[in-house]
Amino acid sequence: MNAPSVDLSSYRDQHFKGSRTEQERHLRLTTTLYVGNLSFYTTEEQLYELFGRSGDIKRIVMGLDKFRKTPCGFCFVEYFTREDAEMCMRYINGTRLDDRIVRTDWDAGFIEGRQYGRGKSGGQVRDEYRTDYDSGRGGYGKIVQQKMLPKLT
């Protein structure tokens, strides 16, 4: 039995190609983690430094705005072993990086194309609707920013 910190969350990737049962199986065996709530200014080097504390990293894939190709607040961290990924879930999930509390969750495995934000504006969906000012995530949400632009006549 897993500790609560390494149990599967209720979140499931709606774009997963396969059945719910297949997705559950992948999540129970994966060595890949989704990491969210990152600052847009966090570097790959910082991620290797922090996540390398729990084990040997196979690769990190930065989440990018699909139009501007700039970081947009998430990444995938793939470890060589499940044990190292579990150590990360236990000890790194919920820690602070660049003044933000990072969230980690199991991922069924990185597939090319998933590094791009799924929001309409190219970034993360949640960021589009954010009405508060967050300097670590680019200021106000994209929809609020668009409303603030002066109308051209």
Side-chain angles (χ1 to χ4, degrees), residues 1-130 132-139 141-142:
M1 175 117 190
N2 286 334
S5 59
V6 298
D7 285 342
L8 300 183
S9 72
S10 60
Y11 173 78
R12 295 296 176 268
D13 180 5
Q14 299 302 311
H15 297 276
F16 180 81
K17 305 287 190 243
S19 71
R20 190 78 155 178
T21 305
E22 289 176 276
Q23 188 177 31
E24 293 278 331
R25 185 175 53 79
H26 282 282
L27 289 171
R28 293 192 188 289
L29 299 173
T30 190
T31 60
T32 303
L33 301 175
Y34 170 87
V35 180
N37 201 38
L38 296 175
S39 167
F40 289 5
Y41 306 104
T42 298
T43 65
E44 229 175 292
E45 290 78 20
Q46 289 173 285
L47 294 170
Y48 273 100
E49 169 68 27
L50 177 62
F51 289 92
R53 293 177 184 178
S54 68
D56 292 328
I57 296 171
K58 188 173 188 179
R59 69 177 171 163
I60 291 179
V61 179
M62 295 293 288
L64 301 172
D65 180 297
K66 65 183 160 196
F67 301 121
R68 292 180 292 162
K69 307 298 187 260
T70 57
C72 67
F74 71 97
C75 75
F76 297 92
V77 178
E78 186 177 354
Y79 287 93
F80 283 100
T81 68
R82 175 72 179 200
E83 293 76 24
D84 288 348
E86 287 178 2
M87 293 290 281
C88 177
M89 289 289 286
R90 282 188 188 98
Y91 302 113
I92 296 177
N93 184 33
T95 61
R96 190 173 296 275
L97 178 63
D98 277 346
D99 285 330
R100 305 193 65 77
I101 303 296
V102 297
R103 292 186 320 264
T104 61
D105 203 355
W106 295 110
D107 188 80
F110 176 77
I111 296 169
E112 189 60 37
R114 289 193 59 217
Q115 71 268 37
Y116 299 114
R118 294 180 179 168
K120 290 178 184 173
S121 66
Q124 286 297 83
V125 178
R126 288 182 186 168
D127 281 330
E128 288 182 351
Y129 296 101
R130 196 170 20 79
D132 60 320
Y133 184 82
D134 187 341
S135 61
R137 306 259 315 170
K142 296 292 183 193

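Being a predicted model, the structure only gives us computed values, none of them experimental.
Here the options are Leu47, Val102, Leu64, the test is side chain to side chain contact (heavy atoms under 4.5 Å, CB included), and the partner is Cys75; only Leu47 passes.
For the atom pair CG (Leu97) and CD1 (Ile92), the distance works out to 10.0 Å, reported to the nearest 0.5 Å. Taking CZ of Arg100 as the start and CG of Leu38 as the end, the distance is 8.5 Å to the nearest 0.5 Å. Taking CZ of Arg103 as the reference point, atom OG1 of Thr95 lies at 12.5 Å (rounded to 0.5 Å). Note: Glu83 CD to Glu86 CD = 6.5 Å, rounded to the nearest 0.5 Å. One finds the OG1 atom of Thr32 at 10.0 Å from the CG atom of Leu27 (value rounded to the nearest 0.5 Å).
Between Ile101 and Gly94, the shortest heavy-atom distance links the atoms CG2-O, 3.5 Å. Scanning both residues, Tyr116 and Lys69, for their nearest heavy atoms gives CE2-CD, 3.8 Å.
Side chain of Trp106 to main chain of Val6: a donor-acceptor pair is present (N/O by atom type, distance under 3.5 Å, no hydrogens or angles). In this structure, Thr30 contributes its side chain and Asp107 its backbone to a donor-acceptor pair below 3.5 Å. A donor-acceptor pair is defined here as one N or O able to donate and one able to accept, closer than 3.5 Å; no such pair exists between the side chain of Asp65 and the backbone of Cys72.
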Return all side-chain donor-acceptor pairs below 3.5 angstrom for residues 53-63, not counting sequence neighbours, or 'none' if the list is empty.
unit_1	atom_1	unit_2	atom_2	d
Arg53	NH2	Glu49	OE2	3.4
Ser54	OG	Phe51	O	3.2
Ser54	OG	Tyr79	OH	2.9
Arg59	NE	Glu78	OE1	2.9

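Listed by chain and residue number, Phe110, Gln115 satisfy the side chain to side chain contact (heavy atoms under 4.5 Å, CB included) test with Glu112 (two or more places apart in sequence, or in another chain). Listed by chain and number, the residues in a ring-ring contact (aromatic ring centres under 6.0 Å, His included) with Tyr48 amount to none (sequence neighbours excluded). For Thr81, the side chain to side chain donor-acceptor pair (under 3.5 Å) criterion is met by Asp84, not counting sequence neighbours. The side chain to side chain contact (heavy atoms under 4.5 Å, CB included) search around Thr21 returns Ser19, not counting sequence neighbours. When the side chain to side chain donor-acceptor pair (under 3.5 Å) test is applied to Gln46, the partners found at least two apart in sequence or on another chain are Thr43, Asp98.
Aromatic ring pairs are classed by plane angle as parallel below 30°, tilted from 30° to 60° and perpendicular above 60°; the pair Phe74 and Tyr34 is parallel.
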